[in-house]
There are 2 protein chains.
Amino acid sequence: MVYGGPMKWNDLGTDPCPVARALSVIGDRWTMLVVRECFFGIRRFDQMQERLGITRHVLADRLRTLEDAGVLRREAYQERPVRYEYRLTERGKALHPVLVSLITWANDAVPPPEQSSVTLVSRSTGAPVNPVLIDANTGTPITPHTVTAQRNEGA
Amino acid sequence: MVYGGPMKWNDLGTDPCPVARALSVIGDRWTMLVVRECFFGIRRFDQMQERLGITRHVLADRLRTLEDAGVLRREAYQERPVRYEYRLTERGKALHPVLVSLITWANDAVPPPEQSSVTLVSRSTGAPVNPVLIDANTGTPITPHTVTAQRNEGA
DNA sequence: CTAGTTAGTTCTAAAATAGAACCCACTTAT
DNA sequence: ATAAGTGGGTTCTATTTTAGAACTAACTAG
């Protein structure tokens with residue numbers, strides 16, 4: 001990240017720091033849970049509302065935000081009466097690594113492993129997976145020691 | 001995730017879904033920005049407060065939460081007068097993949113690439129890195145098609 | 001023409017956040 | 001001495017966000 005003075009939440013979406021920009025869209029208590037539901041194939045308002053226990057007001061607001069950010073697409077699945085559902089766009093599907101990283105972290109950080117009752121497994125073999133980040137260009141692992149953030153001036 | 005009735009934020013920390021548990025710690029507007037500062041080597045209260053523009057009240061609260069969650073360790077760096085600083089624990093360092101995933105997503109999702117002015121580069125070569133998740137056990141890429149969430153009963 | 005469905009909106013009360021001032025335990029400069 | 005920092009907080013009030021429950025709109029089905 002780059003220091004350019006204190007930030008307001010309003011201009012966070014245009015902050016030079018990508019972490020800040022990401023959080024301007026998905027950085028609140030409910031948004032990633034809504035996205036998770038979408039990855040589970042849940043598309044309808046009432047179903048999300050009931051499963052999450054989120055208030056209808058906040059759910060409507062988050063869905064609008066996600067649609068505006070291009071993460072979800074709102075589309076009518078019937079006419080007369082017209083009813084809408086929400087689906088992940090490509091940009092939404094690109095959040096998969098964020099979700100996987102959150103799952104991996106939570107499963108060995110909070111609470112300790114024994115209580116963790118949802119894990120990631122291979123769809124083909126059913127074996128547990130052990131996600132790690134590597135650089136696709138070189139194949140080397142990505143850690144705080146191997147990478148650093150760099151500011152790119154101009155454009 | 002697993003459906004076990006609507007959730008309250010109080011028991012989110014013990015939810016069977018790891019996404020919910022992760023968000024109970026880092027799922028708000030400021031927390032990952034505080035963590036980001038720590039990865040940048042910022043350790044002191046006043047410095048974080050000034051760089052982020054977060055209110056002192058909220059910063060104190062988040063630091064407490066992160067300490068309670070074992071993400072940060074608060075330690076005195078001098079006596080007379082005693083002054084404290086915050087450092088990432090191993091559990092905190094384990095959030096690195098979450099941060100990297102957020103950066104990667106933001107850089108090609110919000111806003112479009114040309115304005116993105118902070119990127120990840122290799123510390124050794126300076127070359128841009130292209131982070132992807134693979135399964136350390138098999139070497140195969142992790143995508144929504146290759147993995148799925150599984151509930152593990154009992155314990 | 002009554003009841004049901006489903007994606008929302010509109011209320012009020014409670015909780016979280018912003019912004020600014022203050023406090024405490026010192027150290028350093030006058 | 002006394003005055004002026006320093007730095008990690010706390011304490012206020014005002015504003016914003018969220019919770020919770022009720023209500024709409026636009027229909028369809030009995």
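So you know, we letter chains A, B, ... as the sequences are listed, proteins then strands, and number each from 1.
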What distance separates R62(A) CZ from T31(A) OG1, expressed to the nearest 0.5 Å?
-> 5.0 Å
Which part of the nucleic acid, if any, lies within reach of F45(A) when heavy atoms closer than 4.0 Å are counted: base, sugar-phosphate only, or nothing?
-> base
Let me know the distance between CG of L23(A) and P of dT17(C), rounded to the nearest Å.
-> 14 Å
Step by step, work out the salt bridge (Lys or Arg N to Asp or Glu O under 4.0 Å) result for E85(B) and R83(B).
-> CA-CA 7 Å; E85(B) 62 179 15; R83(B) 294 274 186 266; over 6 Å; no
Presence of salt bridge, E67(A) and R73(A), under 4.0 angstrom | no
NA contact type, R43(A), heavy-atom cut-off 4.0 Å: base, sugar-phosphate, or nothing?
-> nothing
Can you check the I54(A) CD1 to dT18(D) C1' distance for me, whole Å?
-> 10 Å
Round to a whole Å and report the spacing from CD of E67(A) to P of dA7(C).
-> 14 Å
Per atom distances to the W30(A) side chain, the nearest of dA18(C), dT9(C), dT18(D) is dT18(D)
Would you indicate which nucleotide in dT17(C), dT6(D), dG8(C) comes nearest to any side-chain atom of R83(B)?
-> dT6(D)
Could you give me the stems involving DNA chain D, meaning stretches of three or more consecutive Watson-Crick or G-U wobble pairs whose two defining distances are both below 3.5 Å?
-> C:1-30 with D:1-30
Hey, which of these two, D61(A) or P81(A), hits DNA chain C nearer its 5' end, going by closest nucleotide?
-> P81(A)
Taking only N and O in the side chain of R64(B), is any of them less than 4.0 Å away from OP1 or OP2 of dG8(D)?
-> no
Hey, which of these two, R56(A) or V82(B), hits DNA chain D nearer its 5' end, going by closest nucleotide?
-> V82(B)
Point-to-point distance, once rounded to the nearest 0.5 Å, from CD1 of I42(B) to CZ of R51(B) | 4.0 Å
Nearest-Å distance, CZ (R51(B)) to P (dG8(D))?
-> 15 Å
Give the rounded distance in Å between these two atoms: CD of Q47(A) and P of dA7(C).
-> 9 Å
Please report, rounded to the nearest Å, how far the C1' atom of dG8(D) is from the CD1 atom of I42(B).
-> 16 Å
Will you find, in the side chains of T119(B) and N152(A), an N or O donor that is under 3.5 Å from an N or O acceptor?
-> yes
Result for 5'-nearest mapping on DNA chain C, choosing between H57(A) and Y77(A), is Y77(A)
OP1 or OP2 of dT6(D) under 4.0 Å from side-chain N/O of R44(B) | no
Starting at CG of L59(A) and ending at C1' of dT17(D), how long is that distance when rounded to a whole Å?
-> 16 Å
DNA chain D nearest-nucleotide lookup for R62(A) and A60(B): closer to the 5′ end is A60(B)
Go through the structure and list residues passing side-chain hydrogen bond (donor to acceptor under 3.5 Å, both in side chains) with T65(A), not counting sequence neighbours.
-> none
Atom-pair distance (CD on Q49(B); P on dA20(C)), nearest Å = 11 Å
Any R29(B) side-chain N or O less than 4.0 Å from OP1/OP2 of dA18(C) = no
Considering only distance and modelled atom types, tabulate donor-acceptor pairs under 3.5 Å from the side chains of residues 52-61 of chain B, sequence neighbours left out.
{"unit_1": "T55(B)", "atom_1": "OG1", "unit_2": "V58(B)", "atom_2": "N", "d": "3.3"}
{"unit_1": "R56(B)", "atom_1": "NH1", "unit_2": "Q49(B)", "atom_2": "OE1", "d": "3.3"}
{"unit_1": "R56(B)", "atom_1": "NH2", "unit_2": "D46(B)", "atom_2": "OD1", "d": "3.1"}

Side chain of Y84(B): nearest nucleotide among dA7(C), dG7(D), dG9(D)?
-> dG9(D)
Mind checking R80(A) for me? I need base, sugar-phosphate or nothing, with any heavy atom below 4.0 Å counting as a touch.
-> sugar-phosphate
Flag this pair as yes if the NZ/CZ of R43(B) is under 6.0 angstrom from the six-membered ring centre of Y86(B) and inside a 45 degree cone about the axis; otherwise no.
-> no
